[in-house]
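One structure below.
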Amino acid sequence: MTNLPIDDLAAAVEKLDWCALRWKVEVFHKVMKSGCRAEGARLQTAEQLVKLLALITVVS
């Protein structure tokens with residue numbers, strides 16, 4: 001999981017929390033790419049991208 005030193009229980013719990021957050025990010029991206037088909041959107045402007053990401057963030 002990590003190559004960072006773990007000297008006590010608090011450090012171990014911290015690293016486990018990081019791992020748990022990583023999986024939330026993975027699921028978010030999966031929903032964004034597969035469920036919302038974000039990669040298929042053919043946007044022309046940054047404004048369109050911001051609006052799409054705002055919507056997908058709520059859905060994901």
Side-chain angles (χ1 to χ4, degrees):
M1 283 187 169
T2 182
N3 59 356
L4 297 173
I6 300 175
D7 299 323
D8 57 14
L9 179 60
V13 170
E14 178 186 44
K15 303 316 182 272
L16 289 172
D17 287 343
W18 291 355
C19 184
L21 290 174
R22 178 181 180 267
W23 284 109
K24 288 182 181 182
V25 171
E26 293 288 339
V27 170
F28 174 82
H29 282 115
K30 180 179 178 182
V31 170
M32 201 165 98
K33 289 175 73 173
S34 300
C36 296
R37 298 183 183 172
E39 291 180 336
R42 300 291 183 239
L43 306 174
Q44 301 296 318
T45 66
E47 182 180 347
Q48 291 174 333
L49 177 61
V50 168
K51 289 179 181 180
L52 177 65
L53 289 175
L55 177 65
I56 287 175
T57 301
V58 172
V59 172
S60 298

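Values below: all heavy atoms of this structure, side chains included; hydrogens, waters and symmetry mates excluded.
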* Looking only at heavy atoms, which two atoms of Leu43 and Leu49 are closest? And how far apart? -> CD1-CA, 3.4 Å
* Structure fact -> In terms of heavy-atom contacts, Leu4 and Trp18 come closest through CD1-CZ3, 3.4 Å
* Salt bridge present between Glu26 and Arg22 (N-O < 4.0 angstrom) -> yes
* Between Ala41 and Leu52, which heavy-atom pair has the shortest distance, and what is it? -> CB-CD2, 3.6 Å
* **Atom pair CD1/NE2 of Ile56 and His29 - distance to nearest 0.5 Å** => 10.5 Å
